[in-house]
Amino acid sequence: MIEVKNLHKSFGEKKVLNGITLVIPDGVTYCIIGRSGCGKSVLIKNIVGLLEPDQGEVIIDGMNIHKLENEELLKIRERFGFVFQGSALFDSYTVYENVVMGLYERGIRDEKILSAEAQKALTAVGLLPKPEEVTKEEFDKEWKILKDKMPADLSGGMKKRVGVARALVGNPSYIFYDEPTTGLDPVTSEQVDNLIAELAKGLSVTSIIITHDLFSVFKIADFIAMIDDGNLVFNGTVDEFRMSNNPIVQEFLERYKTKVL
Ligand SMILES: Nc1ncnc2c1ncn2[C@@H]1O[C@H](COP(=O)(O)OP(=O)(O)OP(=O)(O)O)[C@@H](O)[C@H]1O
Ligand SMILES: [Mg+2]
C-alpha cells in the first residue's frame with residue numbers, strides 16, 4: 001500500500017504540490033490526471049524517492065521512504081517498475097540490454113538468469129511468442145532476432161512495449177507509468193492500454209498511471225486522482241468521477257465528450 005500524506009513540493013518560488021494526501025491500496029489501477037504542468041510527474045518522483053518533498057510523507061508498505069538509508073531505498077526500489085514519460089530506451093543499447101538494465105545494476109551478471117528474465121518480460125508484453133505455443137526452435141529464432149534489435153529499428157508501439165518489459169523484470173509489486181500512450185496512434189494506444197490492464201490483472205501488481213488520455217482512464221482505472229494547480233481536486237472511482245459536480249472534472253469530461261463525438 002502507498003500512503004501519501006500532506007505532500008508539499010516547491011522549486012524556488014514555484015509551488016508545485018500543495019499538500020497532496022492519497023492512499024493507493026494494493027492490487028488496484030490508479031490513474032493520475034490533470035493538465036500539463038499541474039505536478040503529476042513531480043508527484044510520482046516524490047513517491048518513488050527520486051525527489052525529496054519539502055513537507056509530508058510517503059509510506060510504502062509501512063516504510064517512510066524519505067527516511068530510509070540508501071541501501072534500504074535501493075531495496076524498496078527493487079519492488080518498483082517504471083515506464084518513464086517518452087519511451088526512454090537507451091538508443092545505443094539493444095532491446096535485451098535495455099530490458100535487463102535494472103537487474104544488471106542490481107549486480108546480476110549471470111547470462112542465463114538475465115536472458116530468462118528478459119524472455120519472460122518480452123513474452124508478457126507480446127513481443128515474443130508464448131513458449132508453450134511454439135517449438136523451442138521457433139522461440140529461439142524469434143528471440144535471436146529481437147534481442148539484438150536497436151531502439152531505432154522499432155516502431156513507437158514496440159518501443160513502449162520494450163519500456164514496459166523493462167519495468168516488469170524482477171517481478172515488481174508496483175508499476176509506475178508516466179504517460180504510456182502519449183504520441184501513439186489510437187490503435188497502438190489501445191494495444192498498450194490492453195497490455196497494462198492484462199498485466200494489472202494477471203500479475204496482480206499495483207499500477208499507478210499518469211495519463212492525459214481519458215479513453216485510457218475509463219478503460220483501465222479502478223480509481224482516479226485529479227490534480228489541479230498542485231491540489232488534489234478529485235479522488236474516487238471512475239463512476240464517481242463521471243458523476244462529479246466538480247467544475248474542473250466536468251471541464252475535463254466535456255473535452256472528452258467532444259473528442260468522442
Ligand atoms: N526539477 C525541476 N526543477 C524545477 N522545476 C520543475 C522541476 N520538475 C518539474 N518542475 C516544474 O514543476 C511543474 C510541474 O511539473 P510536472 O513535470 O510534474 O508536470 P506534469 O503534470 O507531469 O506535466 P505534463 O503533463 O506536461 O508531463 C512544472 O511547472 C515544471 O516546470
Ligand atoms: Mg509529466
Side-chain angles (χ1 to χ4, degrees), residues 2-22 24 29-58 60 65-66 73 77 80-90 156-157 159-160 163-164 166-167 174-186 188-189 192-193 196 206-221 223-236 238 241 244 246-256 258-259:
I2 299 178
E3 297 163 86
V4 176
K5 296 182 181 168
N6 191 28
L7 208 68
H8 288 259
K9 181 72 184 173
S10 297
F11 295 104
E13 293 287 290
K14 190 173 166 47
K15 193 143 192 51
V16 176
L17 298 178
N18 196 14
I20 303 279
T21 296
L22 188 64
I24 302 178
T29 299
Y30 226 107
C31 284
I32 298 174
I33 63 173
R35 61 188 88 179
S36 201
C38 72
K40 303 180 294 296
S41 296
V42 169
L43 173 63
I44 291 255
K45 285 178 187 161
N46 273 280
I47 291 178
V48 300
L50 290 172
L51 283 174
E52 282 293 312
D54 301 329
Q55 194 189 323
E57 292 179 339
V58 176
I60 299 184
I65 88 146
H66 297 284
L73 183 61
R77 282 230 190 98
F80 301 163
F82 301 100
V83 180
F84 290 109
Q85 201 159 0
S87 78
L89 298 179
F90 288 90
K159 278 190 208 165
K160 289 278 177 188
V164 175
R166 180 170 58 189
Y174 300 97
I175 304 187
F176 297 88
Y177 300 87
D178 198 344
E179 309 213 0
T181 58
T182 300
L184 298 178
D185 64 81
T188 315
S189 289
V192 172
D193 284 341
I196 293 172
T206 307
S207 310
I208 297 102
I209 303 160
I210 296 181
T211 181
H212 279 288
D213 187 346
L214 270 187
F215 292 93
S216 299
V217 173
F218 288 144
K219 209 158 170 204
I220 61 185
F223 296 97
I224 300 173
M226 184 171 182
I227 299 175
D228 192 63
D229 214 9
N231 296 299
L232 192 66
V233 290
F234 176 85
N235 186 21
V238 174
F241 185 78
S244 169
N246 183 319
I248 303 169
V249 172
Q250 291 198 336
E251 191 198 317
F252 233 77
L253 283 169
E254 277 309 313
R255 254 191 288 151
Y256 170 68
T258 44
K259 261 197 200 165

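These numbers come from a predicted model, not from an experiment. Counting starts at 1 for both ligands and their atoms, in listed order.
With a 4.0 Å heavy-atom cut-off, ligand 1 is reached by the backbone of Val42 and by its side chain too.
Between Phe84 and Phe82, the ring planes lie parallel to each other; the angle is under 30°, not in the 30° to 60° tilted range. Taking the six-membered ring where the residue is Trp, Phe234 and Phe241 present perpendicular rings, their angle passing 60° and hence far from 30°. Between Tyr30 and Phe223, the angle of the ring planes stays under 30°, which puts this pair in the parallel group of the 30/60° scheme.
For atom 17 (O) of ligand 1, the nearest protein heavy atom (residue, atom name, distance) is Ser41 CB, 3.6 Å. Atom 27 (O) of ligand 1 has its closest protein heavy atom at Gln85 NE2, 2.9 Å. Nearest non-hydrogen protein atom to atom 29 (O) of ligand 1 is Lys14 CE, 2.9 Å. From the protein, the heavy atom lying nearest to atom 1 (N) of ligand 1 is Phe11 CE2, 3.6 Å. For atom 24 (P) of ligand 1, the closest non-hydrogen atom on the protein side is Ser36 OG, 3.6 Å. Of the protein's non-hydrogen atoms, the one nearest atom 12 (O) of ligand 1 is Val16 CG2, 3.3 Å. Protein heavy atom nearest atom 19 (O) of ligand 1, with residue, atom name and distance: Gly37 CA, 3.4 Å.
Between Glu179 and ligand 1 there is a heavy-atom distance shorter than 4.0 Å. Residue-ligand proximity: Gly34 is placed with every non-hydrogen atom at 4.0 Å or more from ligand 1.
Protein heavy atoms are absent from the 4.0 Å sphere centred on atom 31 (O) of ligand 1. In this structure, atom 6 (C) of ligand 1 is in close contact with the protein, since a protein heavy atom lies within 4.0 Å of it.
A donor-acceptor contact closer than 3.5 angstrom is absent between the side chains of Glu57 and His66.
The two residues Arg35 and Lys40 have their closest heavy-atom pair at O-NZ, 3.1 Å. Closest approach of Leu22 and Ala225 over heavy atoms only: CD1-CB, 3.9 Å. Residue Leu7 comes nearest to Pro53 through the heavy atom pair CD1-CB, 3.6 Å, listed as atom of the first residue, atom of the second, then distance.
For a distance bound of 2.8 Å, the N, O or S atoms of Ser36 include none lying that close to the Mg ion (ligand 2).
Checking only distances, Gly39 does come within under 3.5 Å of ligand 1, N or O to N or O.
Screening Ile2, Ile175, Thr29 for a side-chain contact (heavy atoms from CB on, under 4.5 Å) involving Ile208 leaves a single residue, Ile2.
The environment of Asp229 atom CG is sparse: at most 12 non-hydrogen atoms of other residues, nucleotides or ligands sit within 6.0 angstrom.
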